[in-house]
Chemist: 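Sharing a structure here in structure tokens format.
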Amino acid sequence: MATRIALVLAGQEPVGSRITVEGWIRTRRDSKAGLSFLALHDGSGHEALQVVAPKELANYESEVLKITTGCAVRATGELVASQGKGQTVELRADTVEVVGWVDDPDTYPMQPKRHTMEYLREVAHLRPRTNVIGAVTRVRHALAQAVHRFFHERGFFWIHTPIITASDAEGAGQMFRVSTLDAANPPRTPAGGVDWDKDFFGREAHLTVSGQLNVETYCLAMSKVYTFGPTFRAENSNTRRHLAEFWMIEPEIAFADLAADAQLAEDFLKSIFTALLDERKDDMAFFEKFVDAGCRKRLAAMIETKFTRMDYTEAVAILEKSGEKFEFPVKWGMDLQSEHERYLTEKVVNGPIVVVNYPKDIKAFYMRLNDDERTVAAMDILAPGIGEIIGGSQREERLDVLDRRIAEMHLDAKGYWWYRDLRRYGTVPHAGFGLGFERAIQYATGIENIRDVIPYPRAPRQAEF
RNA sequence: UCCGGAGUAGCUCAGUGGUAGAGCAGGCGGCUGUUAACCGCCGGGUCGGGGGUUCGAAACCCUCCUCCGGAGCCA
């Protein structure tokens, strides 16, 4: 059985032991001294293992000298101290087996050189063989594990909220329709409209835009819960921060107010980034060197600093007094624009900010109305370089106020009957937030385009793979 | 969706009206316990698609497509 290369390089196998490794070739270099050097990667870590193939190998002329970038190889031999510089140990092979050849080396898309991220997106099936996507993949995994660990250790339960939802009223943007009807010739009602009663669910159905409403019900039973799964938005967003399919983390806590929610969010971010810095030193060093020189410092600073709390009203006042020329002038009652968020995080505080108590008219119906009757107990956590990374709120637990808000926003109360029931049967103050998982990865790594931190990005006109 | 930018060799790019180039990659040879090695030679192009201007278009004009950045929407 093959040994993982990361473990070999970490010193788990003593020099002198006989091991087998399996992976894909990055480069081959030949020496006329009668040996070839193979840089072998198996994805287990950032570094490659140098395999030394001597000309005495039976298949040296016939195969080893024909190995090109991308070939799959199994090599067995003795782990020895390296005679060359650049690595401490290497594998002196006594067998090198080519498990899979590269069909046409001339057009193999992955060359041993730096490719642009745009190009790599066009070969999404092969890009995990690169340093940068390999590193992203390991970081993504480490963060996902850290997310589950954080919640598990604090007594949260992971709730698998549905992907398909029949309540078309989640109110968080355009939704993808889920239907088995013949799109070209759907059944019609007498009035001529599409007869959704004939569809699979007997009603209109969509992909979820948020697990929040569903997870709230479990919150009011299990006390501390969270979702972590895919989310879908059919918005025609063409930016480096948006995807049509992305993963979202949404914790929900009972008997809790906005302050507790903000504290949870702060602890959460610090926890997962601490784990990342600890577990993926190799990859973070790579990002620091080749992608974003400030990424490790930024995370370290965030972990150490207490997040600044700022009232929305105060933030607007600061922006108004800043003397800064904004494309969109600041005014109480409007949402903060990207340029405003950037000014606050980068110029005013130079770190993460929790902005709380937004005007009710720019926030969702379920957010708890404050006593001033003009703001709600909402929060956004803004981070330098990425803007809003977390959005959350205390939820409206008073049925009469909730109904008033539903009516104000011209929503149909009937569609929320089960959500309203929570306010009738043992309602409690509760709160939660949502974190876009990919944005957290962007923040941590400095990868500029969100399409490069998810294996197969889904965006307008992009679903090739 | 709006604004701006870009599509030339497998990849990264140069080429602003007169016979399509470089580096890397690939093939062949040389050299070396090598490090995305180095040196020499060779092969490789509907210049994104369509239409137009011109004696002549990769270049100028129109149009469509694709990608990137910014904005909006948001996570």
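Just so it is clear: chains get the letters A, B, ... in the order the sequence lines come, proteins before strands, and each one is counted from 1.
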Chemist: Whole-Å distance between B:G5 P and A:Asn238 CG?
Modeler: 18 Å
Chemist: If the cut-off is 4.0 Å, is A:Arg241 near the phosphate of B:C73, judged by side-chain N/O to OP1 or OP2?
Modeler: no
Chemist: To the nearest Å, give me how far apart CD (A:Glu122) and P (B:G7) are.
Modeler: 14 Å
Chemist: Is there, by distance only and without an angle test, a donor paired with an acceptor across the side chain of A:Asp30 and the base of B:U32 below 3.5 Å?
Modeler: no
Chemist: Expressed as a whole number of Å, how far does the C1' atom of B:G17 sit from that of B:A57?
Modeler: 7 Å
Chemist: Among B:A75, B:C73, B:C24, which nucleotide has an atom closest to any side-chain atom of A:Ser237?
Modeler: B:C73
Chemist: Work out how far the C1' atom of B:C31 is from that of B:G18, and round it to whole angstrom.
Modeler: 44 Å
Chemist: Could you tell me whether A:Gln462 contacts a base, only the sugar-phosphate backbone, or nothing, with contacts defined as non-hydrogen atoms closer than 4.0 Å?
Modeler: sugar-phosphate
Chemist: When you check the phosphate oxygens OP1 and OP2 of B:U35, does a side-chain N or O of A:Arg29 lie under 4.0 Å from one of them?
Modeler: no
Chemist: Can you tell me which nucleotide in B:C73, B:G33, B:U12 comes closest to the side chain of A:Thr116?
Modeler: B:U12
Chemist: Using a cut-off of 4.0 Å on non-hydrogen atoms, how would the nucleic acid contact of A:Arg26 be classed: base, sugar-phosphate, or nothing?
Modeler: nothing
Chemist: Between the base of B:G33 and the side chain of A:Arg92, is there a donor and acceptor pair under 3.5 angstrom?
Modeler: yes
Chemist: What nucleotide, of B:A71, B:C73, B:C67, holds the atom closest to the side chain of A:Glu235?
Modeler: B:C73
Chemist: Could you measure between the two P atoms, the one in B:G45 and the one in B:U8, and give it in whole Å?
Modeler: 15 Å
Chemist: Quick one: is A:Thr27 getting a side-chain N or O under 4.0 Å of the B:A36 phosphate, OP1 or OP2?
Modeler: no
Chemist: So if I define the base as every atom that isn't primed, P, OP1 or OP2, how would nucleotides 40-49 of chain B read as a B/S/- string at a heavy-atom cutoff under 4.0 Å?
Modeler: ----------
Chemist: Donor-acceptor pairs under 3.5 angstrom involving side-chain atoms of residues 39-47 of chain A: please list them, not counting sequence neighbours.
Modeler:
| from | atom 1 | to | atom 2 | distance (Å) |
| --- | --- | --- | --- | --- |
| A:His41 | NE2 | A:Arg26 | NH1 | 3.0 |
| A:Asp42 | OD1 | A:Ser44 | N | 3.0 |
| A:Asp42 | OD1 | A:Ser44 | OG | 2.5 |
| A:Asp42 | OD2 | A:Ile5 | N | 2.9 |
| A:Ser44 | OG | A:Ile5 | N | 3.4 |
| A:Ser44 | OG | A:Ala6 | N | 2.8 |

Chemist: So, does A:Arg458 use its side chain to make a donor-acceptor pair with the main chain of A:Glu245 at under 3.5 Å?
Modeler: no
Chemist: Under 4.0 Å, heavy atoms only, any strand: does A:Ser82 hit a base, just the sugar-phosphate, or nothing?
Modeler: base
Chemist: Within the structure shown, what part of the strands sits under 4.0 Å from A:Glu118 by heavy-atom distance: base, sugar-phosphate, or nothing?
Modeler: sugar-phosphate
Chemist: When the P atoms of B:A71 and B:U53 are considered, how many whole Å apart are they?
Modeler: 42 Å
Chemist: Stacking between A:Phe246 and B:A75, defined as ring centres under 5.5 angstrom apart with planes under 30°, is that present or not?
Modeler: yes
Chemist: Using the P atom as the point on both nucleotides, what is the distance between B:C38 and B:C24, in whole Å?
Modeler: 7 Å
Chemist: On the nucleotide B:U66, are OP1 or OP2 found under 4.0 Å from the side-chain N or O atoms that A:Arg461 carries?
Modeler: yes
Chemist: Between B:G7 and B:U19, how many Å separate the two C1' atoms, rounded to a whole number?
Modeler: 24 Å
Chemist: What do the steps show when you test A:Arg74 against A:Thr76 for side chain to side chain donor-acceptor pair (under 3.5 Å), and what is the final call?
Modeler: CA-CA 7 Å; A:Arg74 178 181 298 119; A:Thr76 301; over 6 Å; no
Chemist: Going from CG on A:Leu35 to CZ on A:Arg92, what distance comes out if it is rounded to the nearest 0.5 angstrom?
Modeler: 6.5 Å
Chemist: Of the non-hydrogen atoms in A:Gly333 and A:Ile362, which two are nearest, and what is the gap between them?
Modeler: O-CG2, 3.4 Å
Chemist: Only counting residues at least two apart or in another chain, list the ones meeting side chain to side chain contact (heavy atoms under 4.5 Å, CB included) with A:Val15.
Modeler: A:Val89
Chemist: What heavy-atom pair brings A:Leu336 and A:Tyr358 nearest, and what distance separates the two atoms?
Modeler: CD1-OH, 4.2 Å
Chemist: Base, sugar-phosphate, or nothing for A:Ser36, non-hydrogen atoms under 4.0 angstrom?
Modeler: nothing
Chemist: Can you tell me if the side-chain N/O atoms of A:Ser338 get under 4.0 Å from OP1 or OP2 in B:G72?
Modeler: yes
Chemist: Considering only B:G72, B:A75, B:A36, which nucleotide approaches the side chain of A:Lys113 most closely?
Modeler: B:A36
Chemist: Rounding to an integer number of angstrom, what distance separates B:A59 and B:G15 when you compare their P atoms?
Modeler: 15 Å
Chemist: Look at all strands and tell whether A:Gln50 reaches a base, only sugar-phosphate, or nothing, counting heavy atoms closer than 4.0 Å.
Modeler: base
Chemist: Give me the distance, rounded to whole Å, that separates B:C42 from B:C64 when you measure between the C1' atoms they each carry.
Modeler: 40 Å
Chemist: At less than 4.0 Å, is any side-chain N or O atom of A:Asn449 found next to OP1 or OP2 of B:G69? Yes or no.
Modeler: yes
Chemist: Do A:Phe326 and A:Tyr343 have their ring centres less than 6.0 Å from each other?
Modeler: yes
Chemist: With sugar-phosphate meaning primed atoms plus P, OP1 and OP2, does A:Gln87 contact a base, only sugar-phosphate, or nothing at under 4.0 Å between heavy atoms?
Modeler: base
Chemist: Looking at B:G72, B:C67, B:G33, which one has an atom nearest to any side-chain atom of A:Arg121?
Modeler: B:C67
Chemist: Cation-pi between A:Arg154 and A:Phe150: NZ/CZ under 6.0 Å from ring centre and within 45° of the ring axis?
Modeler: yes
Chemist: With heavy atoms under 4.0 Å as the rule, sort A:Tyr119 into base, sugar-phosphate or nothing.
Modeler: sugar-phosphate
Chemist: Would one find a side-chain N or O of A:Gln337 under 4.0 angstrom from OP1 or OP2 of B:G72?
Modeler: yes
Chemist: So what does A:His242 touch, heavy atoms closer than 4.0 Å: a base, only the sugar-phosphate, or nothing?
Modeler: base
Chemist: Indicate, with a heavy-atom threshold strictly under 4.0 Å, whether A:Glu388 touches base, sugar-phosphate, or nothing.
Modeler: sugar-phosphate
Chemist: Using only side-chain N and O atoms of A:Arg240, determine if any of them is under 4.0 Å from OP1 or OP2 of B:C67.
Modeler: no
Chemist: Centre of A:Phe246's six-membered ring, under 6.0 Å away, within 45 degrees of the axis: is that where NZ or CZ of A:Arg233 sits?
Modeler: no
Chemist: Looking across every strand, which nucleic acid part, if any, lies under 4.0 Å from A:Ile389 by heavy atom: base, sugar-phosphate, or nothing?
Modeler: sugar-phosphate
Chemist: Examine B:U35: is either OP1 or OP2 under 4.0 Å from a nitrogen or oxygen in the side chain of A:Arg28? Give yes or no.
Modeler: no
Chemist: Nearest of B:C74, B:A36, B:U32 to any side-chain atom of A:Arg114?
Modeler: B:A36
Chemist: Send over the distance from A:His340 NE2 to B:C74 P, rounded to a whole Å.
Modeler: 16 Å
